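These notes concern the structure reproduced below.
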Amino acid sequence: MYIELLREDLLRPLQSIIGVVEKRQTLAILANVCIKTISESELRLTTTDLEIEMSADLNGKVIDLGTVTSPARKLLDICKALPEGSTLTLRFKNERLYLESGCSRFVLSTLPADEFPCIEGKNQGINFLVPAQIFMELLKKTSFAMAQQDVRYYLTGLLLEVESNLLRAVGTDGHRLALSECAMPELSIESKRAVILPRKAINELERLLGAVETSLDITVGESHARFQMDSIVLITKLIDGKFPDYNRVIPAASTRKLRVDRASFHESLTRVSILANEEFRGVRLEIDTKELRLFAHNPENEEAEEAFPGQYEGEKLVIAFNAGYLQDMLSVIKSEMVEFGFTGANASALVRESGKTKSLYVIMPMRL
Amino acid sequence: MLHVYPLPPLLKIAPAELPRQLAAGLKPLYLVLGEEPLGAIEAADAVRAAARKSGFDERVSLVAEPGFQWERLAAEVSTGSLFGARRVLDLLVPNGKPDIAGGRALAKYAAAPVEDVLLLATLPGADRKTASTAWAKAVAQAGVVVECRPLKAAQLPRWIAARLKARGLRVPRGAEALIAEYTEGNPLAAAQAVERLALLASDGAVDLESVRAAAVDEARFGLFECVDTALTGDRVRTLRMLARLRDTGSEPTLILWALARELRQLASWRWAEERGGDRPRIWASRRRLVAAAARRRSARGWQRLLAEAAAVDRVIKGRAVGDPWVGLERLFVALADSPRRRAD
């Protein structure tokens, strides 16, 4: 293999796919990026952690075809450190990868490319297109509620449901739940598909999609999902498990309704929670039709109190929440107004964005 | 008049008392101090099973490695579950030593336990010192502290007898002493020997020979026994024991190490016999066995076997092609065999 290419042409794709390369690996080859020539002017970079596989296509002058794997992070660090606009050559010779650019010369170790693991059977399944930014919104509105680590491994991922005319994402850690939908007017499938995407895949997608303006090509298979954007492809294994029935968790009718201005409520919350118990960051809402107030206090007997604007219908209510849960939710909501529906001090609260977006959130209160 | 209320009794119990304690009603908090791993595992399992029976369907697991954010415990306790269930909070402190924040968090929960949460804290390796800390005392006020202390050698037979009885096994007199003797210091091996007997005995009756076999099989020193059996020259038993080591997941490297050590000793013993010089030091109890076995080959013959062992080592390390177990079998048979005897 012998190729010549611009530093920038190599650097950006490499940065896009470096996320799946873990700092420490179980297999030495997982630290490597697989570089493969696919035509006279194109090559493909692939990285994997056995769960997620990412690849990026890029342009270069291919002098001699071939495939090689070499340490991904070292290659990236070298590319980063080379002067802007420089041209470099990569040549595979005597089990080594020779990288030359200007006066610099690097000799990198390699491992046989035929030992590089690749995910099998990744192209079958339901295929559809969705505007990248719409999908990004879907992820952002729900991914914060995924469990960090949990024996219930299925909660550490995000549920993605594909129906005719509809795409839905749900994340929950058992204490709170976030659900978001987007309309897919041209999508028509026979039966609904529900899959759980692993947390790491969601993080990588959020990182990549920020810069993508075009549409995202999604394939949802039996054991894998494939996401293609521009020249980058991400393939992830799915979490094999049964996601809890989220419909059961969403409270049906709420007797007490609170409507607040999102931004000002968020600010009040941030101020009051400074004096919340550091351990579990509880804040108390005391609300009736006349007055809406937020309280916090901590074991040092410090207190914060704030009245906030809004409208409330229903009986007087005293209810406490984890401030962190409220803040996570308020920071992904875009609408000007937010609606809370309560049924009681010990029952979950339903939160909706006003407007036409189809997102909702459920939060369990804290014990007072 | 001044009323003096007696303090509630401190509940610090041995694992054997746990089933009765659980049957009497669940407490909001269980602390399992496990100097003895098997006891700790079984105690924690018993608590989980009892909790499940009482409708604690959801299980949340927290592992408190050093640097654990103990706030997560309080947050988990104070916020109810969306799925509406009663929850077991399964807290594992792997090093057995919750730091100051951890002790405070546990004491805090003990002071104000929550109805639909059962906290099960397992501290492997925690000892009496842990049990006497202020927070452990606070825990004992609200819940149950199960202290799994290492069994003394003298306690082991009675402990084994209880397990045999619990499995419904009728054994001849002295069976528990036999098992205890073979597995001394290792309750896990003793427990496995009892399990094995339970599987063997269809009607609950077991004879002394199968007790012995089960106990020997579970003994910790299976590896060295295999080598010693080869020294006695019993090929059939040697191969059976080797197969057993293989089936129980022993590492070929370890087996080869024990074997090569023996071969080196035999070679130098034989060398000293042939050429004079100092004999290697060998435990008195094994001297006759080694001396008799060494005579089966010349010093050069033993060295040839050592070279073969080196070849098997290369196979194990992946430097040569082959099946390490076949190589090991060949070596063990060679060790047990006498080339001269075959020539006769």
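The structure displayed is predicted, hence computed values, not measured ones.
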Practice item. Applying side-chain hydrogen bond (donor to acceptor under 3.5 Å, both in side chains), name anything that partners A:Glu51, two or more places apart in sequence or on another chain. Key: none
Identify which part of [X] has an atom lying under 4.5 Å from any heavy atom of chain B, answering side chain, backbone, both or neither.
X: A:Arg281; result: neither
X: A:Phe321; result: neither
X: A:Leu155; result: side chain

Revision key, fill the gap. Only residue of A:Leu158, A:Leu160, A:Val195, A:Ile196 satisfying side-chain contact (heavy atoms from CB on, under 4.5 Å) with A:Phe243 is A:Ile196
Is there side-chain contact between [X] and [Y], with heavy atoms separated by less than 4.5 Å?
X: B:Glu36; Y: B:Pro187; result: yes
X: A:Glu303; Y: A:Leu275; result: no
X: A:Tyr361; Y: A:Ile333; result: yes

Check your understanding: Would you say the side chains of B:Gln21 and B:Tyr30 form a donor-acceptor pair under 3.5 Å?
Key -> no
Point to revise | Residues of residues 43-68 of chain B near chain A, each having a heavy atom less than 4.5 Å away | key: B:Glu58, B:Arg59, B:Val60, B:Ser61
**Study point:** Residue list, ring pair (Phe, Tyr, Trp, His ring centres under 6.0 Å) with A:Phe308, at least two apart or on another chain
**Key:** A:Phe265
Could you pull out all donor-acceptor pairs under 3.5 Å where a side-chain atom in residues 115-123 of chain B meets a protein atom, sequence neighbours excluded?
from     : atom 1 : to       : atom 2 : distance (Å)
B:Asp116 : OD1    : A:Arg367 : NH2    : 2.7
B:Asp116 : OD2    : A:Arg367 : NH2    : 3.1

Revision key, fill the gap. Of the listed B:Lys108, B:Glu76, B:Gln69, the one with the largest count of heavy-atom pairs under 4.5 Å with chain A is B:Glu76
